[in-house]
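Take a look at the structure set out below.
One-based numbering, in listed order, for ligands and for the atoms of each.
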Amino acid sequence: MTTAVKTPADDIAEILLDADVIKQKVRELGARIADDYAGRDLVLVSILKGALPFLADLMREVPIYCSLDFLEVSSYGAGTTTSGVVRILKDLAKPIEGRHVLVVEDILDTGHTLSYVIEHLRGQHPASLGLCALLDKPARRVVPIGVDYKGFEIPDKFVVGYGLDFAERYRNLPFIGVLKPEVYAGLT
Ligand code: IMP
Ligand code: MG
């Protein structure tokens, strides 16, 4: 008899957004971005690591000339609450001066991370600076931020999957969900 090995999906209490719902939304966002940026020198700047699946899916729904660049920032420890302290771990590879930059982010929570990133990028004088966020938790906002392309507003729950992690796990789930309470025990 084989013993079933537990998988990340077994730790999910509730699925908030399934893979089909995400796919449909990414398609809509991509179509709008393609319309708005056609004929412009577009750079999609994604924030590692959480936005990786979103960027990978979104860029394939944006059938115009564009390039990619990456920032890596850290704002959290292993827990589920923000420290408010943002650090740049990896900066852009190429200058963005005079180019149209669209920041692609997984989730807008307190706004600390994105406000820091936006100021950092604005200082490099792009022709324009837009923001695309798959998820928005408006109830948690501390720093006001305008989102040009928003996927879903979600309730004030800590979510994982589709790039989002808890202690670096669960990024590979194809849906977005809420963990069972016992998973957090001792870590927050
Ligand atoms: P903010 O600086 O509070 O807006 O947080 C933004 C970052 O915190 C995101 O890029 C995520 O890495 C992380 N984050 C915020 N909320 C969640 C969540 O519900 N699940 C997983 N990561 C989150
Ligand atoms: Mg994270």
I'd like to check V21 versus Q24 (side-chain heavy atoms, cut-off strictly below 4.5 Å). Are they in contact? no
Going by an N to O cut-off under 4.0 Å, is there a salt bridge joining D57 and R27? no
Can you tell which part of K137 has a heavy atom less than 4.0 Å from ligand 1: side chain, backbone, both or neither? side chain
May I ask you to identify, for D106, whether its side chain, its backbone, both or neither come under 4.0 Å of ligand 1 on a heavy-atom basis? side chain
Numbered atoms and elements of ligand 1 in range of T110, under 4.0 angstrom, heavy atoms: 1 (P), 2 (O), 3 (O), 4 (O)
For H112, the ligand 1 atoms whose distance to one of its heavy atoms is below 4.0 Å: 2 (O), 4 (O)
Residues at least two apart in sequence or cross-chain that pass salt bridge (Lys or Arg N to Asp or Glu O under 4.0 Å) with K150, listed by chain then number, are D136, E153
Those residues that, when tested against Y37, pass side-chain hydrogen bond (donor to acceptor under 3.5 Å, both in side chains) (two or more places apart): none
State whether the shortest distance between N or O atoms of G111 and N or O atoms of ligand 1 falls below 3.5 angstrom. yes
Which atom pair, heavy atoms only, marks the closest approach of L68 to V43? C-CG1, 4.3 Å
Could you see which bit of D109 sits under 4.0 Å from ligand 1, with heavy atoms only: side chain, backbone, both or neither? both
Determine whether a donor-acceptor pair (N or O, by modelled atom type, separation under 3.5 Å) exists between the side chain of D69 and the backbone of A93. yes
Any G50 heavy atom less than 4.0 Å to ligand 1: no
Note: ligand 1 atoms sitting under 4.0 Å from heavy atoms of K157 are 19 (O)
Quick one: does D165 get within less than 4.0 Å of ligand 1, heavy atoms only? yes
Salt bridge (Lys or Arg N to Asp or Glu O under 4.0 Å) between K180 and D11: does it pass, once the steps are laid out? CA-CA 6 Å; K180 293 176 180 168; D11 294 340; 5.8 Å; no
Does ligand 1 have any atom sitting under 4.0 Å from a heavy atom of V159? yes
